[in-house]
Amino acid sequence: MSTISMAELPVLQFEDKIVETVDKNPVVVVIGETGSGKSTQLSQILHRRGYTKSGCIAVTQPRRVAAVTVSSTERFVANRRVSEELNVPLGDEVGYAIRFEDRTSEKTIIKYLTDGVLLRESLSNPELSQYSVIILDEAHERSLNTDVLLGLMKRLIKLRASNLKVLVTSATLDGEKVSRFFSDCPILNVPGKLFPVEIHHSSERPKSYIDACLNKALDIHTQEPEGDVLIFMTGQDDIEKLVSRLEERIQRLEEGSCMDAVIYPLHGSLPPELQIRVFSPPPPNCRRFIVSTNIAETSLTVDGVVYVIDPGFVKQRQYNPSTGMYSLDVVQISKVQANQRAGRAGRTRPGKCYRLYSSVAYKDDLLDATIPEIQRSSLAGSILYLKSLDLSDINILKFDFLDPPSFEALEDALKQLYLIDAIDDKGSITSLGRTMAELPLEPSLSRTLLEANECGCLSQSLTVAAMLSAETTLLISQSKSADKKRKHTPSNLPDGSGLGDHIQFLQIFELWHETDYNTGWCKENNLQVRGMKFVKDVRKQLCQIIQKIAKGPMDVKTSKRRREDQDYRSLRKALCSGYGNQLAERMLRHNGYKTLGFKSQLVQVHPSSVLRTDEEGMFPNYVIYHELIATTRPYMRNVCAVEMPWVRPVFAKLQNLNVSKLSGGANQSHEEVQPENADVRKDDGGGNAAPAQPAEDRDSKILAARERYLARRGQANK
DNA sequence: GAGCACTGC
């Protein structure tokens, strides 16, 4: 609940300046710190000044409000506030659209939406002609979708120069860069409403972060006046360790020597009822310690925090396109993140932030901004999306990104798309690819769905795709101690008939379906109710889209498994069409696997898998995997037993792969794949953009990979 | 006995 009245919002003092700048320029960067009111006021200012006469105003956000915090009518904080201030019912003049929920009407003139939803709209209306203004809010968070949108906006303002205004809100540290991207457009600075935060740096890095956090927390508790403490850790493990040690040390403090304390862990896999504890105020004369992952950096705002302890690390997922493997690494945070964390101490009154690193380290070691997601992800989905837009004036490899992904990452995406028939051997999108782009799924799953439709197991594949979309949010996480207790009470959940995790996902959902989607059943089986409901929603949405594509009813009904397909052969075959490039072959005498994709690697089945071994203790000869993830070792996560002949068609395509053709021309040289307008961005100073590889190097790599593949294929055929 | 940070169409 905000206590700042409208008149106090800093952004309003700049109204004339903002309107004048927007009038004269197609794109404006707005640097507005927390509390400036930019999310709620920019749209209203432009509405007041007539910008809604020719269309509506879109305000995009990278995410909706965390599901645990809100009632069903507050998907965006800003959204509710704007409708109140304009004194109109939500969903009329002011509406919102998120996945599964469109609360807009013909009357809507200001529309809040996630950037993913705007991308979907753009698919059916590439010029986004209904909008006169598009505000990309929180663009500094640089989500994958925001980056795609930034590129599309740059293009769109050329096409709609006369009737479109774009506003991009950003952080202090990278506003210049965004401005350069948009041909040096003006930057407006709007101050925030945060209270001052005193920053204390350590003189050196501690040997143990947990110890250092522990000591700092106790110092605060014994020496500083009241106010809650927020501590940023990298993951559940460290959080649990710190929480238990902090509890122990605080108990040992002399009674009456300081106020009471409560300690709350906070991370995404915590059940909602434990997450919301941090929103209820503490009892009187009691200090709260919140030991949290990054979730408290942007997603959840905890009121009452006065002290922040920031060790300077975060766990980050990144994709390596040359191996097709994800890794989850602990990395240093960026300056933007460090400032965001510090700001969490100044929301209600002046605060303090203790950084467990030196000011020199802040200045010299930390990157200005976090490496954008687009440089850390597999791009198959985004590339397929862009291809389906039919931007005839641009080559996909020249698409103008604020931070271009590496050539390797683009090439990897093209190869993946080719192998699942989404693009042809010249790199043009196929009709299959167009259909795949309509589905809100990663391309490999879209492909599986379409194949399953041909094989008569569409319904099952819809379930698997939906379950995989929610997967990580399904199981309620157990702390280590609870895990030990559970060992003797084995799960009643089906085991995938030993065929692997995909099949288990299918069986779980079918069982839930038989209970008529009973929430008690979820709890009994240690499944997150929210996660399972999400699966149901995704499945429903996929059904609707599939039926729309097919222009008629399809067999999408969830049903008990049919007698004639006891071993799920059709489904597992269909999976091979989507995941043919993610096939692994077991080693001769042990349970390690080697992958048979572009680059062969030694990997293990993830310990959480339900894949079963045979009488001799061996796993199946071939499996397909959903993803490779390197944690302590390289693992295949979510595997499914398959048979070699099912994958042959994909292998035949691998053999004929000519990647230079896929990327738009056999003679394409290294220079040609630079983005358009490269001149504008030569000195973007980010240094994050990975350089494109020389063409000869690429070709020799591909040749070598092909030889290895042919050698393997010879063996496999024996 | 090893382990998944956080979002989203």
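Remember, it's a predicted structure, so these values are computed and weren't measured experimentally. Chain letters run A, B, ... following the sequence lines, proteins first and then strands; every chain starts at 1.
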Item to complete: Describe, in one word, how the ring planes of A:Tyr319 and A:Tyr326 are oriented to each other, choosing from parallel (under 30°), tilted (30 to 60°) and perpendicular (over 60°).
Response: tilted
Worksheet item: B:dA5, B:dA2, B:dC9: which one has an atom nearest the side-chain heavy atoms of A:Leu328?
Response: B:dA5
Worksheet item: With respect to the side chain of A:Val117, which nucleotide from B:dC9, B:dA2, B:dG8 is positioned closest?
Response: B:dC9
Fill in: Considering all heavy atoms, the nearest A:Gly268-A:Gln275 contact
O-NE2, 3.2 Å
Fill in: Phosphate OP1/OP2 of B:dC6 contacted by A:Thr293 side-chain N/O (<4.0 Å)
yes
Worksheet item: Starting at the 5' end of DNA chain B, which residue's closest nucleotide do you reach first, A:Leu441 or A:Asn294?
Response: A:Asn294
Worksheet entry | Spacing between A:Glu442 atom CD and B:dC9 atom P, to the nearest angstrom | 15 Å
Worksheet item: Given B:dA2, B:dG8, B:dA5, which nucleotide is nearest the side-chain atoms of A:Arg317?
Response: B:dA5
Practice prompt. Check whether any side-chain N or O of A:Arg376 sits under 4.0 Å from OP1 or OP2 of B:dT7, and answer yes or no.
Written response: no
Worksheet item: Between atom CD in A:Glu297 and atom C1' in B:dC6, what is the gap in whole Å?
Response: 10 Å
Worksheet item: Over how many whole Å does the gap from A:Phe232 atom CZ to B:dC6 atom P extend?
Response: 12 Å
Discussion item. Using a strict threshold of under 4.0 Å (side-chain N to carboxylate O), is an ion pair present between A:Asp329 and A:Lys315?
Written reply: no
Worksheet item: Of the nucleotides B:dG8, B:dC9, B:dA5, which one has an atom closest to the side chain of A:Arg63?
Response: B:dG8
Practice prompt. Report which part of the nucleic acid A:Ser469 touches: base, sugar-phosphate, or nothing (heavy-atom distance under 4.0 Å, all strands).
Written response: base
Worksheet, complete the sentence: To the nearest angstrom, the CD-P distance between A:Gln541 and B:dG8 comes to 14 Å
Worksheet item: What is the distance, rounded to the nearest whole Å, between atom CZ of A:Phe534 and atom C1' of B:dC9?
Response: 9 Å
Worksheet, complete the sentence: Which of B:dT7, B:dA2, B:dC9 is nearest the side chain of A:Ile295? It is B:dT7
Worksheet item: Between A:Leu136 (CG) and B:dG8 (P), how many Å, whole number?
Response: 17 Å
Worksheet item: What's the closest nucleotide to the A:Ser299 side chain, out of B:dT7, B:dG8, B:dA2?
Response: B:dT7
Worksheet item: Salt bridge or not for A:Arg317 and A:Glu373, using N-O below 4.0 Å?
Response: no
Worksheet item: 5'-most contact on DNA chain B: A:Asn145 or A:Gly235, nearest heavy atom basis?
Response: A:Gly235
Worksheet, complete the sentence: In whole angstroms, the gap separating C1' of B:dA5 from CD of A:Glu627 amounts to 13 Å
Discussion item. Over all strands shown, is A:Glu471 touching base, sugar-phosphate only, or nothing at heavy-atom distances under 4.0 angstrom?
Written reply: base
Fill in: d(OH, A:Tyr385; P, B:dC9) in whole Å
14 Å
Worksheet item: Is the shortest heavy-atom distance from the side chain of A:Pro620 to the side chain of A:Leu611 under 4.5 Å?
Response: yes
Worksheet item: Is any side-chain N or O of A:Thr114 closer than 4.0 Å to OP1 or OP2 of B:dC9?
Response: yes
Practice prompt. Using the six-membered ring wherever Trp is involved, compare the ring planes of A:His626 and A:Tyr579 and label them parallel, tilted or perpendicular (cut-offs 30° and 60°).
Written response: tilted
